[in-house]
Amino acid sequence: MAKRKLNRRQRWRIEKIQQERRDRAQRKAERAHPTAADLGEEQEGTVVAHFGGQVLVEAGDGAPTRCHFRANLEQLVVGDRVIWQAPRSEGDGVVTAVMPRATVLKRPDNYGNLKPVAANLDRLLVVFAPRPEPSSALLDRYLVAAELSGIPATLVLNKADLVAPDNADAVARLVALYQDLGYPVLQVSATSRDGLAELSHGLTGGTVAFVGQSGVGKSSLVNALLPEAELAVGALSDVSGLGQHTTTTARLFHLEGGGHLIDSPGIREFGLWHIDEDELLRGYRELAALAGHCRFRNCTHRHEPGCALREAADAGRISAERLNNFFQIAATLDEQARQRYHS
C-alpha cells in the first residue's frame, strides 16, 4: 500500500499529537513512580531498556535503575550513553543529558519523521537463511543502511544445516558475492549450534544488533547466544514495575565475552524510504568508488555512453546483479516521501 502523502501542516499536527501523548505517558509514569526527592551526584550510564516515559539506566556493574528523563532531551534509545542521577531515597532516578553518539541507526516512521532506534552500535549482523529463499536485493537494503550509518556489517548465514542439493549452488554464489566485496560472512545454525562459538567470539567487546527479514531465525540466534535472555527480560520487568508482560522498545543484553547485543523489533526490519538516489549509490561501496569516473558528470548510469558502472559490470569487474539491485531499489524510492522526511 502506498505511503500516505502528508503536507507540512499535517506533519506538524501529527508530531504535536504524538508529543502530547508522550508527555501524558511521562506524566502518568511520574505519578506512578515519582522521581526521588533526594538524588545522588551526576554519573555516566547506559540506557539498557526503554518503555513509555521511562528508561532503565545501568552504570558499571550495578543493577539497572528506573529513570525519568528531562523533557528537553532528544529521544532516548537503547545504547545511549547518558548523564544521570541515581535516587538516594524512594523513587526514580533522572537522566539529565545525552552524551554524543558514535553511531545512530535510524528508520522512518509512518508519519514522515526519521526516528533513532539504537545508538552506539559497533556492528550490524545481517541475517539470512537458505529458506526463505535469500534475495541479494533485500540483503543490499540492509547493507546500504549500514554503510550510510557508518556501521560495519557482517552477514550471518543462519540455518546452515538447511543447505541442500537444491539450494547449495545459490547459497554458495550469494556468500561468494559478498565475501568478494569485503563483507565477512559467518555460517551458523541456531538449531545444531554449529558456528555459534565463532559468532560469539566475533561479538566480543562491541555492541551489535541483528537485522534481517522475517523467518531467518534472528530470535533463535538471540536465544542461542543468550539462553538467559528470558530471565533477563523478567528481571527488567520487575525493575520497571510494569509487570512480566512489559513491552520495551528495545533491550540491551550483556554477552559472556564482554560484548553487548541490542534486540529490538524496530531494528530488525527497516526500509530506505528516506534516502535519495545519490545516497543509495553511496551505500553500494563498489559503485560509489566508480561513480566519479563516468564520461558525463551528470550520468544517470542508465543509458549514457561512457558510464563507468555499466562498463565495469559488462567487463565483470563488478557484480551485474548488484548493479541491477541498485536500479531496482532506486525505482522504488519515492521523491515526495523523501522530501517529507527531509523537510
Side-chain angles (χ1 to χ4, degrees), residues 47-51 56 64 77-79 105 107 115-119 121-135 138-139 141-143 145-146 151 153-163 167 171 174-175 184-204 206-240 242-257 259-271:
V47 175
V48 297
H50 190 295
F51 40 86
L56 293 184
V77 293
V78 169
L105 187 64
R107 60 171 291 175
K115 298 293 186 183
V117 292
L121 285 169
D122 297 300
R123 184 165 294 274
L124 276 184
L125 302 177
V126 182
V127 184
F128 66 108
R131 295 185 176 86
E133 183 178 351
S135 161
L138 188 57
L139 292 177
R141 288 179 176 269
Y142 294 112
L143 295 175
I151 304 172
T154 293
L155 281 85
V156 179
L157 172 60
N158 190 25
K159 304 183 182 180
D161 52 306
L162 296 183
V163 175
N167 60 23
V171 171
L174 206 58
V175 168
V185 181
L186 300 177
Q187 301 189 37
V188 304
S189 170
T191 302
S192 67
R193 302 191 65 82
D194 290 339
L196 285 182
E198 182 183 1
L199 174 60
S200 181
H201 178 74
L203 306 184
T204 302
T207 300
V208 303
F210 287 115
V211 299
Q213 72 180 111
S214 297
V216 296
K218 299 181 294 294
S219 296
S220 297
L221 283 175
V222 172
N223 293 334
L225 291 169
L226 292 162
E228 73 285 1
E230 291 303 320
L231 294 176
V233 172
L236 291 181
S237 298
D238 290 341
V239 174
S240 73
L242 301 178
Q244 289 295 317
H245 299 289
T246 298
T247 300
T248 58
T249 303
R251 298 164 291 176
L252 184 147
F253 297 107
H254 303 298
L255 300 168
E256 288 185 4
H260 312 286
L261 171 65
I262 294 179
D263 184 35
S264 166
I267 298 175
R268 292 180 178 187
E269 297 183 41
F270 50 92

If you round to the nearest 0.5 Å, how far is [atom2] of [Y] from [atom1] of [X]?
X: Thr154; Y: Leu203; atom1: OG1; atom2: CG; answer: 8.5 Å
X: Leu226; Y: Asp263; atom1: CG; atom2: CG; answer: 8.5 Å
X: Leu125; Y: Asn158; atom1: CG; atom2: CG; answer: 11.5 Å
X: Ile262; Y: Leu124; atom1: CD1; atom2: CG; answer: 10.0 Å
X: Thr207; Y: His254; atom1: OG1; atom2: NE2; answer: 9.5 Å
X: Phe128; Y: Leu157; atom1: CZ; atom2: CG; answer: 4.5 Å

Write down the atom of [X], the atom of [Y], and the distance for their closest heavy-atom approach.
X: Pro132; Y: Gln213; result: CG-NE2, 3.9 Å
X: Ala129; Y: Pro134; result: O-CD, 3.3 Å
X: Leu143; Y: Ala153; result: CD2-CB, 3.7 Å
X: Lys159; Y: Gly217; result: CE-N, 4.2 Å

Keeping the roles fixed (side chain from [X], backbone from [Y]), state whether a donor-acceptor pair exists under 3.5 Å.
X: Arg131; Y: Leu162; result: yes
X: Lys218; Y: Gly212; result: yes
X: Asn167; Y: Val163; result: no

- request: Taking side chain to side chain contact (heavy atoms under 4.5 Å, CB included) as the test, write out the residues that go with Ala119, two or more places apart.
  value: Val77, Asp80, Arg101

message: Between Val208 and Asp122, is there a side-chain heavy-atom distance shorter than 4.5 Å?
response: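 They are not in contact (no side-chain heavy atoms under 4.5 Å apart), so the answer is no.
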
- request: Not counting sequence neighbours, which residues clear salt bridge (Lys or Arg N to Asp or Glu O under 4.0 Å) with Arg193? List them please.
  value: none

